[in-house]
Structure formats: structure tokens, C-alpha cells
Amino acid sequence: MGKTQENKLAKTARKKGIYKNIFKWMLIIGLLTFAFFKNQEFMLSAIGEVKKTALPKLLLCMLFANLYFVAEGSIISSMTASGEKKLTLFQGMSCAYMCAFYRLATLGSGNGIAQLYYYNTKGITVSRGTGMALSQYTFQKITIGIMGVLSFFILLAFGEAKLLKYIWFMFAGVLVISFICIFLFVITVSKKISDLLMKLARKIIKEKNRLYKKLGEVQHAIDNLQEQGRIVWKDKKLFIRVVLLNIIKFACWYVIPGVLFSETYSLNIFFCLALMAVCNMLGCVMVAPSGVGTLDFVFALFFGSIISQAKAVAAAIIIYRFFTWVVPFIIGLIPAAFLKRENPV
């Protein structure tokens, strides 16, 4: 295939991506507008509740929301330490914030590409960058799963009786996330199993099918994942560091509802953290672009069963989304706008 043809295909793919993102945003904005006007009185009361939230609580929420990116930046820096090009903590945080910018701008589809682009500008090859990004994603999903499953059993033993009516919903989420975590772990550590699965995929998908060509890309991605995964698994200090940092970063976000509810509604902050871990676990296995709406639905369902004032729950969702989505989006605009290529690859 000639270079001109490749450029045309790349331009076509970019245009499709832009149109797809525009459509997704139009759909989300349309749904939000409809929901607002359909429940105008309720939404205005929820916004009023946000305004009544004490400033120290809001500042604490903002602190925890951004500590997430300190931990994320430290993970990125740690995972690049094994190669020639190591990113500093500041660069790791810049990468994390830039990914947050593109995650919201594209509703999830541009997050991985943004990370690879940032790596590339710092002299990290695409293959190594892909391996690190996939390995980071794998550890992230497994951490969400482990924290969610453990929190489920904690809530089962010490939780509110009002949550018992959702026990089977939670249990279904535990089964799905457990399967996902086991699958990701096995794919990362076992080349024999991944090769077997790829062999089965090639038998099931016919050569004439357009998906068949994608199998080569999938195989290449798995190889990069396993190469980087082996580095993390073999280095015990790096492994422990990455695991602990993942737990810390998610705990920083999970604790936000506890900050908002603990004094006013006499809820234990650790109970809120555990319930938020279950909410995120379920939101993770429910399909939606960038998780839009899934976490909010589960959050409203579970916290709404404990807290009688629906407007307070709605206000907490607004605050949570503002500090975990909007603020990082604004900060991420800076590295996205001023990122410069240091060592072309």
C-alpha cells in the first residue's frame, strides 16, 4: 500500500472518529437537556444543595480528586523506569491529566491514543508505550475488581439492611468483574493460553471477514502487554508499588462521597468508601461510553436507598463528576495544548 493511500485512510479514520465523537456528545447533551427540563424543579433543588455545601468539604473533595492524578503520575513514572526513557513524576502527572482531558473530550475513545502520543513525544517507542498502557489498564481493572469484591463482602457482613434488596445485583457484578480480572490476568501472564485463544479466534473468524485483519493487531497488542507485564510481575518492588498506588488512587476518589455525607447524614466514611467501590465495580461492567451514566445510576440507586433526601444524592453526583471529570479536563488542557516533542521516534 502506497504512502498516499495510507494517508487517505488515516484521514478517513480521523474524520470518522470526529463524527463519532460529535454524535456521542450530541446524544449525551440531548439526554442531559431532556432530563433537566423533565425534572427541572428537582435539578434546580440539587444545584441549590451543591451551593449549600460547606467550602472546606468542597476543598477536601478537590484535594482527593487531584491526589488521584499524583498517584497515577507516580504509576506512569514507575512503569517507565525499566527502560532508557524514564518519565519524571511531573511528566507522569502531565500524561495522566492530558489523558483525562481527552477521555472527556472524546467520551473515552481518545484516552489510550493520548497516552501513546505523550509517550512518543518523550522518546518512548510505540510498542513499548502500548505495552505499558495496556499493562497499566490491566492493573487498573484488576484493582477495581479486587476493591469492589472485597467491599461487597464487607458490606454483606456489616452493611445497611436497606442494601440487601440489591444483593443479587451486586453479586452478579462480582461474578462478571471476577471473570474479567481472571481473564486479564491470564492473558497477561500466559502466552500459551493467549496463543490458544488467538488460534481459536482465527478458526471462528473467517479470512473474508473484516475482523480477521484486526487479529494481527490484537496479537501484537497482547505480545506488548505480556512483555511489559513480565517486567512488572518479576520486579517485586515495582509490582507492590503499582498495586499500592492503584489502591491509593481509587481510594482518593471513592472517599469523596464519604466527605460529603459523613457529618450531615452520620454515615461512616469507610462505609461510604466501600459502597463507592461496589458502585464503581458495577459501573465498570455496565456498557456505556467512558462509563457515562452507569456509575451515576448505581450511585443514585445505592446511596439513594440509605439517604432519604434525593436532592442531596444528586448534589453529591454533581460534585463528584465536577472534581473527577471537569477539573482534570481543565488542567489537562494545559499539557494537551503545550506538549512538545522532545525525541522524535
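- With hydrophobic clusters built from ILVMFWY side chains whose heavy atoms lie under 4.5 angstrom apart, Leu150 shares a cluster with Ile142.
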### Task
Could you please spell out the steps behind the side chain to side chain contact (heavy atoms under 4.5 Å, CB included) verdict for Phe185 and Thr138?
CA-CA 8 Å; Phe185 174 76; Thr138 300; over 6 Å; no
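- Put simply, Phe329 and Met98 are part of the same group of oily side chains (I, L, V, M, F, W, Y) that touch within less than 4.5 Å, one to the next.
- The shortest heavy-atom contact between Met147 and Ala277 is O-CB, 3.9 Å.
- Pairing each heavy atom of Leu89 with each of Gly73, the nearest pair is CD1-C, 3.8 Å.
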#### Entry: Verdict with supporting geometry, Ile177 and Cys284, side chain to side chain contact (heavy atoms under 4.5 Å, CB included)
CA-CA 8 Å; Ile177 198 70; Cys284 182; 4.1 Å; yes
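- By the rule that hydrophobic residues join a cluster once side-chain heavy atoms approach within less than 4.5 Å of another member, Tyr137 and Tyr102 end up as members of separate clusters.
- No donor-acceptor pair under 3.5 Å is formed between the side chain of Ser77 and the backbone N or O of Gly92.
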### Task
Test Thr125 against Tyr119 for side chain to side chain contact (heavy atoms under 4.5 Å, CB included), laying out the working first.
CA-CA 7 Å; Thr125 60; Tyr119 284 162; over 6 Å; no
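- Side-chain atoms of Asp223 and Gln219 include a donor-acceptor pair closer than 3.5 Å.
- Within a 6.0 Å sphere centred on CZ of Phe169, heavy atoms belonging to other residues, nucleotides or ligands number more than 12.
- The closest side-chain heavy-atom distance from Val174 to Ser178 is below 4.5 Å.
- Residue pairs meeting the salt bridge (Lys or Arg N to Asp or Glu O under 4.0 Å) criterion with at least one partner in residues 246-256, sequence neighbours excluded, are Glu72-Lys249.
- Separating the CD1 atom in Ile319 from the OG1 atom in Thr53 is a distance of 3.5 Å, to the nearest 0.5 Å.
- Between the CD1 atom in Ile318 and the CZ atom in Phe322 there is a gap of 11.5 Å [rounded to 0.5 Å].
- How far CD1 of Ile187 is from CD1 of Ile222: 5.0 Å, rounded to the nearest 0.5 Å.
- Residues Pro328 and Phe101 form no side-chain contact, since every pair of their non-hydrogen atoms from C-beta on lies 4.5 Å or further apart.
- Taking CG of Leu196 as the reference point, atom CE of Met198 lies at 11.0 Å (rounded to 0.5 Å).
- Here the CG atom belonging to Leu184 is positioned 10.5 Å from the OG atom belonging to Ser135, to the nearest 0.5 angstrom.
- Contact annotation: the side chain of Ile331 approaches that of Asn66 to within less than 4.5 Å [non-hydrogen atoms, C-beta and beyond].
- The aromatic rings of Phe183 and Phe179 lie parallel to each other, their planes meeting at an angle below 30°, with 60° marking the opposite boundary.
- A salt bridge (Lys or Arg N to Asp or Glu O under 4.0 Å) with Asp195 holds for exactly one of Lys199, Lys192, Lys191; it is Lys191.
- Atom OH of Tyr166 sits in a crowded spot, with more than 12 heavy atoms from other residues, nucleotides or ligands closer than 6.0 Å.
- Using a 4.5 Å cut-off on side-chain heavy atoms (C-beta onward), Cys61 and Leu260 make contact.
- The closest side-chain heavy-atom distance from Leu163 to Leu275 is below 4.5 Å.
- Nearest heavy-atom pair across Phe64 and Val259 is CE1-CG2, 4.0 Å.
- Ring geometry, Tyr97 versus Phe69: the interplanar angle falls under 30°, so the pair is classed parallel (tilted spans 30 to 60°).
- Looking only at distances, a side-chain donor or acceptor of Gln91 sits under 3.5 Å from a matching main-chain atom of Thr88.
- Side-chain atoms of Gln226 and Ser194 form a donor-acceptor pair, as typed in the model, at a separation below 3.5 Å.
- Among all heavy-atom pairs drawn from Ser305 and Lys162, the shortest one is O-CD, 3.1 Å.
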#### Entry: Check against side chain to side chain contact (heavy atoms under 4.5 Å, CB included), Val176 and Leu282
CA-CA 9 Å; Val176 174; Leu282 293 171; over 6 Å; no
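- Pairing each heavy atom of Cys181 with each of Gly145, the nearest pair is SG-CA, 3.8 Å.
- Between the side chains of Gln136 and Gln228, no donor N or O sits under 3.5 Å from an acceptor N or O.
- A donor atom on one side chain and an acceptor atom on the other are found under 3.5 Å apart for Ser74 and Arg241.
- At a threshold of 4.5 Å between non-hydrogen side-chain atoms, the residues Trp325 and Tyr320 do not count as touching.
- Residues Phe303 and Met276 have side chains in contact (heavy-atom distance under 4.5 Å, counting atoms from C-beta outward).
- Leu63 and Leu273 fall within the same hydrophobic cluster, where Ile, Leu, Val, Met, Phe, Trp and Tyr residues are linked whenever their side-chain heavy atoms come under 4.5 Å apart, directly or through other members.
- There is a path of hydrophobic side-chain contacts, each under 4.5 Å, that joins Leu55 to Leu60.
- Judged as a salt bridge (Lys or Arg N to Asp or Glu O under 4.0 Å), and not counting sequence neighbours, Asp235 has no contacts.
- Cation-pi geometry between Lys141 and Phe139 is not met: the NZ or CZ atom fails to fall both under 6.0 Å from the ring centre and inside 45° of the normal.
- Thr80 contributes a side-chain N or O that, together with a main-chain N or O of Leu87, makes up a donor-acceptor pair within less than 3.5 Å.
- Rounding to the nearest 0.5 Å places CG of Leu175 at 9.5 Å from CH2 of Trp168.
- Side-chain N or O atoms of Trp253 include one that pairs as donor or acceptor with a backbone N or O of Ala65 at under 3.5 Å.
- No side-chain heavy atom of Thr143 sits less than 4.5 Å from a side-chain heavy atom of Val243.
- Contact record, Arg321 with Asp296: NH2-OD1, 2.8 Å, taken as the closest heavy-atom pair.
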